[in-house]
There are 2 protein chains.
Amino acid sequence: MTISEVSKRCNISPDTLRYYEKAGLLLDVNRTAGGIRDYTEQDCTQIEFVKCMRSAGLSIEVLRKYFELFKRGKHTLKARRDLLATERKALQERFLELQGTLKRLDYKISVYDQAIASKNKELKF
Amino acid sequence: MTISEVSKRCNISPDTLRYYEKAGLLLDVNRTAGGIRDYTEQDCTQIEFVKCMRSAGLSIEVLRKYFELFKRGKHTLKARRDLLATERKALQERFLELQGTLKRLDYKISVYDQAIASKNKELKF
DNA sequence: ATAGCAGTTGGAGTTAACTCCAAGTCAAGC
DNA sequence: GCTTGACTTGGAGTTAACTCCAACTGCTAT
C-alpha cells in the first residue's frame with residue numbers, strides 16, 4: 001500500500017504519516033526498491049492504534065516511548081504493560097471529569113431553556 | 001480578591017488569568033483605584049466555569065464567542081443556548097470515543113498480562 | 001522617603017503537533 | 001527519451017494556548 005492509499009483509508013494526511021514515522025510511532029515501514037514506502041496490513045493496524053490513542057489524548061512522546069520499548073524486545077513486556085496501565089488511569093480520570101462536565105452543560109442548557117421560556121430572563125453568565 | 005489569591009484558589013496562573021481576560025473569557029473584572037484587579041465571588045464562579053470547559057476541550061475561541069454573546073444582552077439567550085448545545089454534542093462524541101478507547105486499552109493490557117504469564121511471549125505491537 | 005514586594009502592560013518566547021514547501025527522484029505511458 | 005504525477009527529504013512555517021520578561025507603578029512598613 002502506498003502512503004496516499006493509507007492516508008485515505010485511515011484518514012490521516014501523508015505528512016502526518018511521515019511525521020509519525022519519523023517520531024518513532026511506527027515500527028519500520030517497508031520500502032520498495034525505489035525507496036517508496038510500502039505499508040502492510042499490519043502497519044495499518046498499528047496506524048489505527050496510534051490514531052485512536054492520539055485522539056484519546058496520549059502524547060506523541062508517550063507513544064514514542066511505547067514503540068521504543070517494543071523495539072527493545074520482549075524483556076520490555078512488563079514496562080509496556082505498565083506504560084499502558086498508567087495512560088489508562090489518566091484516561092479514566094479525564095473520562096470521569098468529562099462525564100461531570102457533560103452533566104454541568106446539561107444543567108446549564110436546561111437553565112437557559114427555562115430562562116428563554118420565562119420571557120427571556122437574563123442569567124448570571 | 002487579588003489575582004494571586006484567585007490564582008491559588010482556582011489553581012490557574014496569574015498570567016493565564018490575565019490572558020483569559022484579554023481573550024474575552026471574563027466579563028469586566030473590577031479594578032481598585034490603583035488599577036489592580038479586584039475579583040468578586042462571581043468572577044471566581046465564572047473562572048471555574050472557564051477552567052472546567054477548557055479542560056473538557058472547549059477552545060478559547062468558542063468561550064470567547066459565548067461571552068461576547070453574553071455582553072450583547074439577553075436577546076442572545078437562544079444563541080448562547082445553541083452554542084452550549086453544539087459543544088455539548090461534540091463533547092458527548094468525544095466521551096463515547098474515550099469510552100471505546102478505555103475498553104481497547106483494557107483489552108490490550110489484558111493481552112499483555114496473558115503474554116507475560118505465558119513465559120513472556122512477544123506480541124504484534 | 002526609600003526599600004521591597006505585588007501588581008500592571010505590551011510583547012516576545014515556548015511547546016506540541018502538525019502542515020507546508022522546495023528541490024529532487026522514480027515509474028509509467030506516449 | 002520525455003512528460004507527468006506521485007513519491008522522497010530536510011527544514012521552515014503555523015496554530016493554539018499558554019508562559020515569560022522587562023520596564024514600570026503603587027502600596028506598606030521601616
Side-chain angles (χ1 to χ4, degrees), chain A residues 1-26 28-40 43-44 46-68 87 90-91 94 97 101, chain B residues 1-26 28-40 43-44 46-68 87 90-91 94 97 101:
Chain A
M1 248 175 297
T2 69
I3 200 164
S4 62
E5 282 162 353
V6 176
S7 171
K8 266 166 215 153
R9 177 163 154 183
C10 300
N11 203 28
I12 299 180
S13 82
D15 269 319
T16 302
L17 287 169
R18 282 186 285 254
Y19 169 71
Y20 282 174
E21 189 180 336
K22 210 171 179 176
L25 272 53
L26 271 59
D28 33 78
V29 174
N30 274 349
R31 302 291 183 116
T32 64
I36 287 171
R37 287 175 183 78
D38 187 18
Y39 297 90
T40 63
D43 290 331
C44 277
Q46 211 184 118
I47 288 164
E48 271 301 338
F49 172 75
V50 165
K51 191 189 174 186
C52 178
M53 294 304 137
R54 282 290 305 125
S55 74
L58 273 72
S59 71
I60 299 280
E61 182 52 21
V62 159
L63 293 169
R64 194 197 56 70
K65 264 181 198 151
Y66 175 78
F67 286 110
E68 194 200 52
E87 295 306 312
L91 224 62
R94 265 180 283 149
E97 207 187 311
T101 304
Chain B
M1 246 174 296
T2 68
I3 200 164
S4 62
E5 282 163 352
V6 176
S7 171
K8 267 167 216 156
R9 177 163 154 182
C10 300
N11 203 29
I12 300 179
S13 82
D15 269 319
T16 302
L17 287 170
R18 281 186 285 255
Y19 168 72
Y20 282 175
E21 188 180 337
K22 209 170 180 176
L25 272 52
L26 271 58
D28 34 76
V29 174
N30 273 351
R31 301 290 183 117
T32 64
I36 287 171
R37 288 174 183 80
D38 187 18
Y39 297 91
T40 62
D43 290 332
C44 277
Q46 214 185 114
I47 288 164
E48 271 302 337
F49 172 74
V50 166
K51 191 190 173 184
C52 178
M53 294 304 137
R54 281 289 305 123
S55 74
L58 273 72
S59 71
I60 298 281
E61 182 52 21
V62 159
L63 293 169
R64 195 198 55 72
K65 265 182 195 147
Y66 176 77
F67 287 110
E68 193 200 52
E87 295 306 313
L91 225 61
R94 264 180 284 148
E97 208 186 310
T101 305

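Computed from heavy atoms alone, side chains included, the values below leave out hydrogens, waters and symmetry copies. Lettering of chains follows the sequences in order, A, B, ..., and the numbering in each one begins at 1.
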Chemist: Between E68(A) and R64(A), is there a salt bridge with N-O shorter than 4.0 Å?
Modeler: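 Here R64(A) pairs with E68(A) in a salt bridge, since their nearest N and O are under 4.0 Å apart.
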Chemist: Mind running a 4.0 Å heavy-atom check of residues 10-18 of chain B against DNA chain D and sending the residues that fall below it, in number order?
Modeler: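 Heavy-atom cutoff 4.0 Å gives D15(B), T16(B).
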Chemist: Check whether any side-chain N or O of Y19(A) sits under 4.0 Å from OP1 or OP2 of dC20(C), and answer yes or no.
Modeler: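 Indeed not, no polar side-chain atom of Y19(A) lies that close.
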Chemist: Could you tell me whether the side chain of R94(A) and the main chain of A56(B) form a donor-acceptor pair under 3.5 Å?
Modeler: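 No; zero donor-acceptor contacts below 3.5 Å.
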Chemist: Given atom NZ of K65(B) and atom P of dA16(D), what is their separation to the nearest angstrom?
Modeler: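 Computing the K65(B):NZ to dA16(D):P distance gives 11 Å.
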Chemist: Give the ring-plane orientation class for F49(A) versus F67(A), where under 30° counts as parallel, over 60° as perpendicular and anything between as tilted.
Modeler: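 The rings of F49(A) and F67(A) stand perpendicular, inter-plane angle above 60°.
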Chemist: Dump the pairs, protein N or O against N or O of nucleotides 2-5 of chain C, anything under 3.5 Å, distances to one decimal.
Modeler:
none

Chemist: Rounded to whole Å, please give me the gap between CG in L25(B) and C1' in dC18(D).
Modeler: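 L25(B) atom CG is separated from dC18(D) atom C1' by 13 Å.
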Chemist: Grab the CD-P distance between E21(A) and dA17(C) for me, whole Å please.
Modeler: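 That distance rounds to 18 Å.
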Chemist: Reckon Y20(B) has a side-chain N or O less than 4.0 Å from the OP1 or OP2 of dA17(D)?
Modeler: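 For dA17(D), neither OP1 nor OP2 has a side-chain N or O of Y20(B) closer than 4.0 Å.
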Chemist: Name the pairs: protein N/O against N/O of nucleotides 25-30 of chain D, kept only if under 3.5 Å.
Modeler:
none

Chemist: Would you list the pairs meeting salt bridge (Lys or Arg N to Asp or Glu O under 4.0 Å) in which at least one residue belongs to residues 47-59 of chain B, sequence neighbours left out?
Modeler: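 Pairs touching residues 47-59 of chain B that pass the test: none.
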Chemist: Not counting sequence neighbours, which residues clear salt bridge (Lys or Arg N to Asp or Glu O under 4.0 Å) with E21(A)? List them please.
Modeler: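 So E21(A) forms a salt bridge (Lys or Arg N to Asp or Glu O under 4.0 Å) with R31(A), R37(A).
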Chemist: Treating D38(A) as the side-chain partner and M1(A) as the backbone partner, does any N or O pair qualify as donor plus acceptor under 3.5 Å?
Modeler: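 Yes, the answer is positive, given that a donor and an acceptor are paired below the 3.5 Å cut-off.
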Chemist: Can you tell me the distance, in whole Å, between the CG atom of L63(B) and the P atom of dC18(D)?
Modeler: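 My rounded result for the distance is 10 Å.
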Chemist: Does a side-chain N or O of R31(A) approach OP1 or OP2 of dT25(C) to a distance below 4.0 Å, or not?
Modeler: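 False: R31(A) side-chain N/O out of range (4.0 Å or more) of dT25(C) OP1/OP2.
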Chemist: Does one side chain, of T16(A) or S13(A), offer a donor that lies under 3.5 Å from an acceptor on the other?
Modeler: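 There is such a pair between these side chains.
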Chemist: Hey, are the side chains of D43(A) and L26(A) touching, using non-hydrogen atoms and a 4.5 Å cut-off?
Modeler: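 No, every pair of side-chain atoms sits at 4.5 Å or beyond.
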Chemist: Contacts to DNA chain D from residues 47-61 of chain A, heavy-atom cutoff under 4.0 Å, which residues?
Modeler: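 Nucleic-acid contacts, sorted: none.
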Chemist: Quick one: are Y66(B) and L58(B) in side-chain contact, heavy atoms under 4.5 Å?
Modeler: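 Counting from C-beta outward, Y66(B) and L58(B) never come under 4.5 Å.
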Chemist: Given atom NZ of K22(A) and atom C1' of dA12(D), what is their separation to the nearest angstrom?
Modeler: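 Roughly 11 Å, once rounded to whole Å.
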Chemist: For residues V6(A) and C44(A), determine if any side-chain heavy atom of one lies less than 4.5 Å from a side-chain heavy atom of the other.
Modeler: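 They are in side-chain contact.
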Chemist: Less than 4.5 Å apart, side chain to side chain, heavy atoms only: is that true for N30(B) and Y39(B)?
Modeler: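 They are not in side-chain contact.
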Chemist: Please check: side-chain N/O of T101(B) versus main-chain N/O of E97(B), any donor-acceptor pairing under 3.5 Å?
Modeler: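 Yes; at least one donor-acceptor contact below 3.5 Å.
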Chemist: Is the distance from OP1 or OP2 of dG7(C) to the nearest side-chain N or O of S4(B) less than 4.0 Å?
Modeler: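 So the side chain of S4(B) is within the cut-off, an N or O lying under 4.0 Å from OP1 or OP2 of dG7(C).
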Chemist: Are the side chains of I12(A) and I47(A) in touch, meaning some heavy atoms are under 4.5 Å apart?
Modeler: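 When only atoms from C-beta onward are counted, I47(A) and I12(A) do touch, with a gap below 4.5 Å.
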Chemist: I'd like to check Y20(A) versus L63(A) (side-chain heavy atoms, cut-off strictly below 4.5 Å). Are they in contact?
Modeler: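 Result no, sub-4.5 Å side-chain heavy-atom pair not found.
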Chemist: Does a side-chain N or O from R37(A) land closer than 4.0 Å to OP1 or OP2 of dT8(D), or not?
Modeler: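 Yes, within the criterion.
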